[in-house]
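All values below come from the heavy atoms of this structure, side chains included, with hydrogens, waters and symmetry mates left out. Below, read A as the first sequence line, B as the second, and so on, with proteins coming before strands; counting in each chain starts at 1. The structure displayed is predicted, hence computed values, not measured ones.
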Amino acid sequence: QKEVEQDPGPLSVPEGAIVSLNCTYSNSAFQYFMWYRQYSRKGPELLMYTYSSGNKEDGRFTAQVDKSSKYISLFIRDSQPSDSATYLCAMSFTGNQFYFGTGTSLTVIP
Amino acid sequence: GAVVSQHPSWVICKSGTSVKIECRSLDFQATTMFWYRQFPKQSLMLMATSNEGSKATYEQGVEKDKFLINHASLTLSTLTVTSAHPEDSSFYICSARGQRREENTIYFGEGSWLTVV
């Protein structure tokens, strides 16, 4: 069983839709949770960082961590064509090793 | 702007030659840097972890004599692909962890596309 599971998609939504991206994990010791956005042929860009459980909001992006269910989510409100990218979840125990999901490919259609 | 800079973005080299890729943390000291390889439409594959001033730790299956990693300072790590072959053609990405804001996360460089002909 992989440490981190992420549906690869692809996911296509119309512009303005709310997007929900999810990852599940198997090890309850993970404490640090991240979401990265990767445009084609570019390095991943840190979008959201969360420590332990709870929600974090930044503009149109909301990250949620549910440690009891071992489930993290990224919500994108009012999605834009510029949000079209691959979204990677990542997590860490102590910040020394990082475990990545396989990425979800998102296309926002104008 | 990017907090981790990677150079070059693109490089084409002849088979049998060596290529060096640099990774710099611009506004923080990177105690640990990671090097990844990514094939098209696939996830990141960790190649090695390097800590400043010590030898890199390579993942299983990664040839340390082929992929030389140097982390001589807190702001610079280099990956040298020695005696490159066409199968080494790939997207190489570095990331850095250090003393900045969210310390227990990592920031990625822009990536380097290597084509070996």
Mind running side-chain contact (heavy atoms from CB on, under 4.5 Å) on Phe91(B) and Arg41(A) for me, showing each step along the way? CA-CA 8 Å; Phe91(B) 189 47; Arg41(A) 299 175 175 264; 5.7 Å; no

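Note on Met91(A) and Leu74(A): same hydrophobic cluster, where clusters join Ile, Leu, Val, Met, Phe, Trp and Tyr whose side-chain heavy atoms are under 4.5 Å apart, directly or indirectly. There is no path of hydrophobic side-chain contacts, each under 4.5 Å, that joins Leu76(B) to Val11(B). By the criterion of side-chain heavy atoms lying less than 4.5 angstrom apart, applied directly or through intervening Ile, Leu, Val, Met, Phe, Trp or Tyr residues, Tyr92(B) is not grouped with Leu44(B); the two fall into different hydrophobic clusters. In terms of hydrophobic clustering, with Ile, Leu, Val, Met, Phe, Trp and Tyr side chains grouped at heavy-atom distances under 4.5 Å, Leu79(B) and Trp113(B) are assigned to different clusters. Grouping the Ile, Leu, Val, Met, Phe, Trp and Tyr side chains by contacts below 4.5 angstrom, directly or via other members, places Tyr58(B) apart from Met33(B).
Neither the backbone nor the side chain of Ser105(A) comes within less than 4.5 Å of any heavy atom of chain B. Neither the backbone nor the side chain of Phe33(A) has a heavy atom closer than 4.5 Å to any heavy atom of chain B. Neither the backbone nor the side chain of Gln31(A) comes within contact range of chain B, judged by heavy atoms closer than 4.5 Å. Contact of Gln6(B) with chain A is not made at all, since no heavy-atom distance falls under 4.5 Å.
No more than 12 heavy atoms of other residues, nucleotides or ligands lie within 6.0 Å of NE2 in His7(B), so this atom counts as exposed by the packing criterion. Crowding of Lys67(A) atom NZ: a count of heavy atoms from other residues, nucleotides or ligands under 6.0 Å exceeding 12. Residue-environment remark: CD1 (Ile12(B)) stays at or below the threshold of 12 foreign heavy atoms within 6.0 Å. Enclosure of atom NZ in Lys66(B) by more than 12 non-hydrogen atoms of other residues, nucleotides or ligands within 6.0 angstrom is indicated.
No side-chain donor-acceptor contact under 3.5 Å links Tyr51(A) and Thr105(B).
A 4.5 Å side-chain heavy-atom check between Ile93(B) and Gln38(A) finds at least one atom pair inside the cut-off. Side-chain atoms of Phe98(A) and Arg97(B), non-hydrogen and from C-beta on, do get closer than 4.5 Å to each other.
The CD1 atom of Ile106(B) sits 4.0 Å away from atom CZ of Phe100(A), with the distance rounded to the nearest 0.5 Å. Rounded to the nearest 0.5 Å, atoms CD (Gln42(B)) and OG1 (Thr86(A)) are 12.0 Å apart. Taken to the nearest 0.5 Å, the CG atom of Leu46(B) stands 8.0 Å off from the CD atom of Gln97(A).
Contact tally against chain B (heavy-atom pairs below 4.5 Å) for Gly43(A), Pro8(A), Pro44(A): the top residue is Pro44(A).
Of all heavy-atom pairs between Gly101(A) and Ser43(B), the closest is O-OG, 3.0 Å.
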